[in-house]
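Structure first, then comments.
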Protein chains: 2
Amino acid sequence: MQEKPRARKGRRPTMVDVAREAGVALRTVSRVVNDDATVGAELVERVRSAIAALDYRPDERARHLRLGVTGTLGAAVRQLSHVNPVLRAVERAARAAGLMVLAASTEDDEKIERHVVESMCRRRFDGILLEPIGADHGYLVPELAAGLSLVAVDRPVLGLEVDCVLSDNVAGIETAFAHLVAHGHRRIAYIGDDERIYTAQERATAFRACLRAQGGPADAMIHTGPIERDRIHRALETALSGPAPATAVITGNATLSVETVRWFRDHHDDVAIVGFDDSELATLLRPDLTVVAQDDAAIGDTAITMLRTRIADPSTPVRKVTVPVTLQARGSGETPPKRP
Amino acid sequence: MQEKPRARKGRRPTMVDVAREAGVALRTVSRVVNDDATVGAELVERVRSAIAALDYRPDERARHLRLGVTGTLGAAVRQLSHVNPVLRAVERAARAAGLMVLAASTEDDEKIERHVVESMCRRRFDGILLEPIGADHGYLVPELAAGLSLVAVDRPVLGLEVDCVLSDNVAGIETAFAHLVAHGHRRIAYIGDDERIYTAQERATAFRACLRAQGGPADAMIHTGPIERDRIHRALETALSGPAPATAVITGNATLSVETVRWFRDHHDDVAIVGFDDSELATLLRPDLTVVAQDDAAIGDTAITMLRTRIADPSTPVRKVTVPVTLQARGSGETPPKRP
DNA sequence: CGGTATCGGGATAACGTTATCTCAATCGGC
DNA sequence: GCCGATTGAGATAACGTTATCCCGATACCG
């Protein structure tokens, strides 16, 4: 018994097969598939049932090749498998626009970033969202010249004029600092990420400016470096000891907040803390963690909007958008200083 | 001044342009691009410099169309933007195999899952990794018949014979239960996810079996349902009150552990807890959270291996692989019962 | 020196779509 | 009853690759 009217064995059915099955011209099948109104009702029906009988699925590779566009956006992010609320907003916004987002991790590795982005370019994705790694983005120059639409998220592409959407890191630090000052703190420490990372550098610089404005000493108050447990704990130890220990700490990102809390729970319970970046565990601690929260949804929506604008008109002037952050007071940042 | 020898304006250069630029035949460019050894050194050089001059990048759409394969794997996961250590292992393993993984979220929505998977099929991805949503996967039947290579991760595709790789949920629950019993607990409660979710159902069932084996009463001891804060807190309240309150709790997944800890911190500090799924915050609590941890790396590696095997030979018999879990004793599960 | 391997490289035909062009048939108007 | 407009559908040419075939030139052997 012949199961189905299959085309050539082992191959997926193609439009030619559908046309043969329906007794109709190739072009007519294409018209039906693309909802072209100029096909008679009876023929549409014949083609439809042929498609169903063969389980025909159009080959997007061929469509995209012919059409010139792929309806696909690439997202090259640091780690897919990390919490990344921005990506969620990105997927949502893209789906609403009828675009497909396909994502891959750069693993914070320049080599991998380049490989991922170039792969997406060779696949002729309509546009790419990128969380850029630190240093050299020279490889992007020819791609951009060839018409790549790119939007950088969270960090700019240094040295290149590229659209980007960032959080307002400076305002975030200033807000956190002012918040702690308003609650009576005068000696505030900052624990930050490696300053080779753009956001870390920006936040640390903003904090230094706050210290200068306040007129306080800076050396023991600011500690930046790689995300390593020992480094962080040593920094905290330094900041919270000596003749003039800090009475409050600002942490530069979610991981640092975690490590700081981890250390506090064994050493202190009277230091105020304000973290940068909101996270699930902010409300797990006691008191709940006060944070400077980024507006993930706004960042994602803005990124997709900018990318679509650039795809629609590559001559659009480059824009750098800064998205406001908000302070979420939850308790940990409202503790008064132990010894004023 | 003419900047670069561009092909047709606005279009990316193609092999034809490179061939013209190098004064060579189209086929020769293809050979150079694909490192075919049969091209003379001088011509290779000419072609190479033409490629560089034009910033030529092969169009993978055309390659893939011609070649029949895309060298691309799709990963349709519940939420890209959630922590998903398995996906990390998947990306790593695929990269090692020279394949590209492109991921998209299904958002735990059957409609979106279907849309994502079908999009990947139309793009003719070589294979797809899927974290399947609950109910109806009928749409997969024609795809599978047409030769789709699919591996289900974390949950099986119910009603279809499809490769899958799962954690050993039953052994995990048994281990957690036995661990608490060994530490003196006799009244152990289970807080689980909605049993319409496969893993939740499997874990709850295993827990019921444990209760039966122990001969204890079950009703007040097992609470499953949707992940909603109020529901969970009410369930905990029930389990920990009355004449015979539980002295220990097993939580069915990471989110439930979080909510349970959140509730405990305001109400109890003497109940033992063992969580299913490891997470960053397991070591943030006091005492540290004892968990049943899945072997994410093994799951990811296995999934990629199975997928590659099936792609290489679609007639491979369907396999269901169960990956062992391990108990990470950290303190919270070793607390003795308050009132034995 | 002629004949035949061998090697390098070009012409041409797919891959599965869509777009352009063409043409046959139907219809309305005068 | 003829003509132009309109509609429906087919033939054919791209899109940018790679694979098959083939041919010209050099080298080697008898």
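Here is how names work: the chains are called A, B, and so on, in the same order as the sequence lines, proteins then strands, and each is numbered from 1. Keep in mind that the numbers below use all heavy atoms, side chains included, and drop hydrogens, waters and symmetry copies. What you are looking at is a predicted structure, and each value in this text was computed from that prediction instead of being measured.
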pair [X]-[Y]: side-chain heavy atoms closer than 4.5 Å:
| X | Y | answer |
| --- | --- | --- |
| B:Leu102 | B:Leu73 | no |
| B:Thr106 | B:Val77 | no |
| A:Glu21 | A:Val47 | no |

Rounded to whole Å, how long is the line connecting atom [atom1] of [X] with atom [atom2] of [N]?
| X | N | atom1 | atom2 | value |
| --- | --- | --- | --- | --- |
| A:Asp36 | C:dT17 | CG | P | 17 Å |
| B:Asp59 | C:dG16 | CG | C1' | 14 Å |
| B:Arg63 | C:dC15 | CZ | C1' | 13 Å |
| A:Arg20 | C:dG16 | CZ | P | 12 Å |
| A:Asp17 | C:dC15 | CG | C1' | 13 Å |
| B:Leu26 | C:dA11 | CG | P | 9 Å |
| B:Met15 | D:dT17 | CE | P | 5 Å |

Need one value for A:Val33: base, sugar-phosphate or nothing, where a base atom within 4.0 Å counts as base even if backbone is also close, heavy atoms only. nothing

Please determine whether a side-chain nitrogen of the Lys or Arg among B:Asp301 and B:Arg308 lies less than 4.0 Å from a carboxylate oxygen of the Asp or Glu. no

Run the salt-bridge test on B:Arg48 and B:Asp35 with the 4.0 Å N-O cut-off and return the result as yes or no. yes

Pairs flagged by side-chain hydrogen bond (donor to acceptor under 3.5 Å, both in side chains) wherever residues 149-163 of chain B is involved - sequence neighbours left out: B:Asp163-B:Arg310

What's the closest nucleotide to the B:Thr14 side chain, out of D:dA9, D:dG16, C:dG16? D:dG16

Whether each nucleotide of nucleotides 19-24 of chain D has a protein heavy atom under 4.0 Å at its base (B), only at its sugar-phosphate (S) or at neither (-) is summarised, 5' to 3', as BB----

